[in-house]
Amino acid sequence: AFLSQYPSPMEKHVTAVETVEEKTDLSTGIIYRRRIATCQNVIPEILRKVTICREIHVLKVPDIYLEEESWLNMQKRNMAMKTHCLTWTQYASLSEESVFRESLENPNWTDFTQKGRISVTGAGLLNCVLEAFAQSFLKQGVKKSIKIMETLLQEQCG
């Protein structure tokens, strides 16, 4: 279950998603997808005005791009996802890994685990400020993602 049309009222910061690769491993049945998401730049305007590296305003871009890879295994009833930021790679590293799997306690439940990493370099004293903003934004995003997934599952499964 995923949002297939963007923009969506459920996720207003994502403006487009393009599937750039999709294939099925015939021996395992695992469906692999690689998608590029275009998202609105959510960095506050005051931080976008910061100059990094000799008059280059790297934060002042309208959109950021994320690459998402997913592996859907219908036989084992699980899906793994890895996402990383393609924008600002010379200054920041942002990645996230998620796994959805059938619960061992109840096959009608889904166990969801997620972890993320954020690192900002090259912004001097602002490294910490930018990392703190990214961490806060991602924590809010996790809560929103869970709510979206619950809504989609409710709509599709009743």
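The figures here come from the full heavy-atom set of this structure, side chains too, leaving out hydrogens, waters and symmetry mates.
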* Asked: Could you walk me through whether Asn41 and Asp63 pass the side-chain contact (heavy atoms from CB on, under 4.5 Å) check?
  -> CA-CA 5 Å; Asn41 185 348; Asp63 297 317; over 6 Å; no
* Asked: Once you round to the nearest 0.5 Å, how far does CD1 of Ile36 lie from CD of Glu68?
  -> 9.5 Å
* To do: State whether the number of non-hydrogen atoms from other residues, nucleotides or ligands found under 6.0 Å of Glu21 atom CD is greater than 12.
  => yes
* To do: Check step by step if side-chain contact (heavy atoms from CB on, under 4.5 Å) holds for Met81 and Phe100.
  => CA-CA 9 Å; Met81 298 173 68; Phe100 301 85; 3.9 Å; yes
* At what distance, to the nearest 0.5 angstrom, does NZ of Lys76 lie from CD1 of Ile30? -> 7.0 Å
* Which pair of non-hydrogen atoms, one from Ile64 and one from Thr87, has the smallest distance, and what is that distance? -> CA-OG1, 3.4 Å
* To do: Indicate yes or no for a side-chain donor-acceptor contact from Ser103 to the backbone of Thr110 under 3.5 Å, with no hydrogens or angles considered.
  => no
* **Polar contact flag, side-chain donor to acceptor under 3.5 angstrom, Tyr32-Glu22** => no
* Closest heavy-atom pair and its distance - Leu66, Cys39 -> CD1-SG, 3.8 Å
* Distance-minimising heavy-atom pair for Glu102 and Asp111 -> O-OD2, 4.3 Å
* Determine whether Val20 and Tyr65 fall in the same hydrophobic cluster, where Ile, Leu, Val, Met, Phe, Trp and Tyr are linked whenever their side-chain heavy atoms lie under 4.5 Å apart. => yes
* Calculate, to the nearest 0.5 Å, the distance between atoms OG1 and NE2 belonging to Thr15 and His13 respectively. => 11.5 Å
* Roughly how far, to the nearest 0.5 Å, is OG1 of Thr113 from CD of Glu97? -> 9.0 Å
* Asked: When clusters are formed by joining ILVMFWY residues with side-chain heavy atoms under 4.5 Å apart, either directly or through shared neighbours, do Met79 and Met74 land in the same one?
  -> yes
* **Identified side-chain hydrogen bond (donor to acceptor under 3.5 Å, both in side chains) counterpart of Glu67 within the set Arg35, His84, Lys82** => His84
* Asked: CZ of Arg34: more than 12 outside heavy atoms within 6.0 angstrom?
  -> yes
* **Nearest-0.5 Å distance that lies between atom CZ in Arg117 and atom OG in Ser93** => 8.5 Å
* Would you kindly say whether Gln114 and Glu96 are connected by a side-chain donor-acceptor distance under 3.5 Å? => yes
* To do: Mind checking the OG1-CG spacing from Thr24 to Leu72? Nearest 0.5 Å is all I need.
  => 9.0 Å
